[in-house]
Amino acid sequence: MIASAKAIRADLRPPVVAENRPEQRRGIVRSVARSVAQGISFMWSQRIMRTLAITSLFINAAFSIVISTAMLGLLGAGYTALQLAYLETVYGVVMMLTAFVAARLVSRLPTGRLLIGAQLFMMVVAVGAAFWHSYAMLFLWLSLYGLVTPLFATSLSGYTFARTPDHLQGRVRSVAALLELSATMVIPAVAGWMVNSGHNTPSYLLGAVLALVGIIVVCVNPGARRLGPTRMWREDATENSLST
């Protein structure tokens with residue numbers, strides 16, 4: 001991060017604000033509320049961006065419940081923290097390797113089909129984990145998750161970043177994160193309750209259902225479903241705004 005920051009050559013300092021501007025006279029709560037409202041308003045006015053934000057919610061919820069079920073299930077079965085760490089390490093290594101090529105793949109593949117394919121892949125993995133969730137098999141399932149995670153993450157965050165004006169970047173990213181966390185923050189509790197009740201298989205299958213809902217969200221929006229590779233995002237956004 002230090003090396004990346006050192007490489008920046010642009011002047012990133014904010015413009016000087018006059019002392020008598022109305023924004024400075026507002027309280028911090030009112031200012032934050034106004035910023036959040038601006039982010040929500042912009043995101044909700046963009047059909048594709050709105051769809052991708054909802055899709056992100058279900059993708060991350062599906063991913064979170066499978067991971068949480070795997071870890072809590074193994075912990076309850078007597079596996080040690082070190083053994084669980086091996087699983088997460090394998091997942092992390094595979095994800096890092098895929099991240100090196102994710103940007104190139106996203107730039108060449110149609111984004112809509114990529115998102116549908118990634119979620120379909122996640123759904124299949126969740127179903128597989130539901131019926132074969134031994135310690136050895138979870139190495140396979142989490143490794144497969146590591147293959148697709150950078151692909152949909154790059155697609156979702158990349159499109160949002162590319163279509164958001166500079167002055168709204170922070171607001172929109174905060175709204176997207178808030179929407180995503182509104183579901184994922186309760187997932188570990190849901191997975192913990194199901195695992196503790198002996199319902200490991202239904203917990204994994206819930207991850208498959210969430211991924212299926214994410215697929216449906218993309219499919220019912222023609223603009224998101226037909227979203228092309230990165231070089232076509234501007235054309236897709238223009239066409240979508242005209243149809244709105």
Side-chain angles (χ1 to χ4, degrees), residues 39 42-67 91-92 94-126 142-166 168-184 207-208 210-241 243-244:
F42 176 79
M43 175 177 287
W44 223 248
S45 68
Q46 308 292 316
R47 290 182 61 193
I48 294 180
M49 194 177 295
R50 181 173 69 233
T51 297
L52 296 186
I54 298 173
T55 303
S56 177
L57 184 153
F58 286 102
I59 288 178
N60 286 282
F63 168 78
S64 179
I65 196 164
V66 170
I67 295 294
Y91 162 74
V94 174
M95 186 173 62
M96 286 180 60
L97 293 175
T98 309
F100 284 111
V101 298
R104 182 171 298 180
L105 289 174
V106 170
S107 67
R108 295 181 178 180
L109 299 176
T111 302
R113 294 180 183 177
L114 178 62
L115 288 174
I116 293 173
Q119 292 182 94
L120 182 60
F121 189 84
M122 291 179 65
M123 187 177 69
V124 172
V125 170
L142 295 191
S143 297
L144 293 176
Y145 259 12
L147 286 176
V148 297
T149 300
L151 297 180
F152 69 73
T154 302
S155 300
L156 294 170
S157 61
Y159 185 85
T160 302
F161 180 81
R163 299 306 311 153
T164 302
D166 291 346
L168 289 176
Q169 287 287 345
R171 293 169 174 84
V172 171
R173 291 172 69 87
S174 295
V175 170
L178 182 63
L179 180 63
E180 173 189 324
L181 291 173
S182 65
T184 56
L210 291 170
L212 177 61
V213 174
I215 294 173
I216 295 173
V217 170
V218 177
C219 289
V220 297
N221 186 328
R225 187 177 66 246
R226 296 194 298 264
L227 194 61
T230 54
R231 66 179 182 277
M232 298 176 62
W233 281 353
R234 186 176 297 277
E235 299 175 15
D236 293 329
T238 302
E239 180 181 343
N240 183 70
S241 63
S243 63
T244 305

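Positions are given from 1 along the sequence.
- A distance of 10.5 Å separates CG in L144 from OG1 in T149, rounded to the nearest 0.5 Å.
- Among residue pairs with one or both ends in residues 54-66, those qualifying as side-chain hydrogen bond (donor to acceptor under 3.5 Å, both in side chains) are S56-N60; sequence neighbours excluded.
- When all heavy atoms of P222 and R47 are compared, the closest pair comes out as CD-NH2, 4.3 Å.
- No donor-acceptor distance shorter than 3.5 angstrom exists from the side chain of T184 to the backbone of A61, with no hydrogens or angles considered.
- Shortest non-hydrogen contact noted between M43 and A53 is SD-CB, 3.7 Å.
- Here CG of L212 is found 5.5 Å from CD1 of I215. Values are rounded to the nearest 0.5 Å.
- Every residue meeting the side-chain contact (heavy atoms from CB on, under 4.5 Å) condition with L105, not counting sequence neighbours, appears here in chain and number order: V101, L109, L151.
- The heavy-atom pair separating I116 from C219 by the smallest distance is CD1-SG, 3.7 Å.
- With rounding to the nearest 0.5 Å, the separation of OG1 in T160 from CD in Q46 is 10.5 Å.
- Scanning for side-chain contact (heavy atoms from CB on, under 4.5 Å) contacts around A208 gives M123, A126, V127, with sequence neighbours left out.
- We find the OH-OG1 distance between Y159 and T111 to be 9.0 Å, quoted to the nearest 0.5 Å.
- When all heavy atoms of L52 and L227 are compared, the pair lying nearest together is CD1-CD2, 4.3 Å.
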The test is side-chain contact (heavy atoms from CB on, under 4.5 Å); show your working for N221 and R50 and say whether it passes.
CA-CA 10 Å; N221 186 328; R50 181 173 69 233; 5.8 Å; no

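- Checked against side-chain hydrogen bond (donor to acceptor under 3.5 Å, both in side chains), R225 has no partners two or more places apart in sequence or in another chain.
- A search for ring pair (Phe, Tyr, Trp, His ring centres under 6.0 Å) contacts involving Y145 returns F63, not counting sequence neighbours.
- Annotation: side-chain contact (heavy atoms from CB on, under 4.5 Å) contacts of S143 (sequence neighbours excluded): V90, V94.
- The shortest non-hydrogen separation linking F152 to M122 is CE2-SD, 3.7 Å.
- I59 places a side-chain heavy atom less than 4.5 Å from the side chain of L156.
- The main-chain N or O of T164 is found under 3.5 Å from a side-chain atom of Q169 such that the two form a donor-acceptor pair.
- The closest side-chain heavy-atom distance from I48 to R163 is not below 4.5 Å.
- Between atom CD1 of residue I67 and atom CG of residue L142 there is a gap of 4.5 Å, rounded to the nearest 0.5 Å.
- The shortest heavy-atom contact between G146 and T98 is O-OG1, 3.6 Å.
- Under a cut-off of 6.0 angstrom, the local environment of CZ in R113 is sparse, with at most 12 non-hydrogen atoms contributed by other residues, nucleotides or ligands.
- Residues that satisfy the side-chain contact (heavy atoms from CB on, under 4.5 Å) test with S107, not counting sequence neighbours, are T230.
- The side-chain hydrogen bond (donor to acceptor under 3.5 Å, both in side chains) check on T154 picks up nothing, with sequence neighbours excluded.
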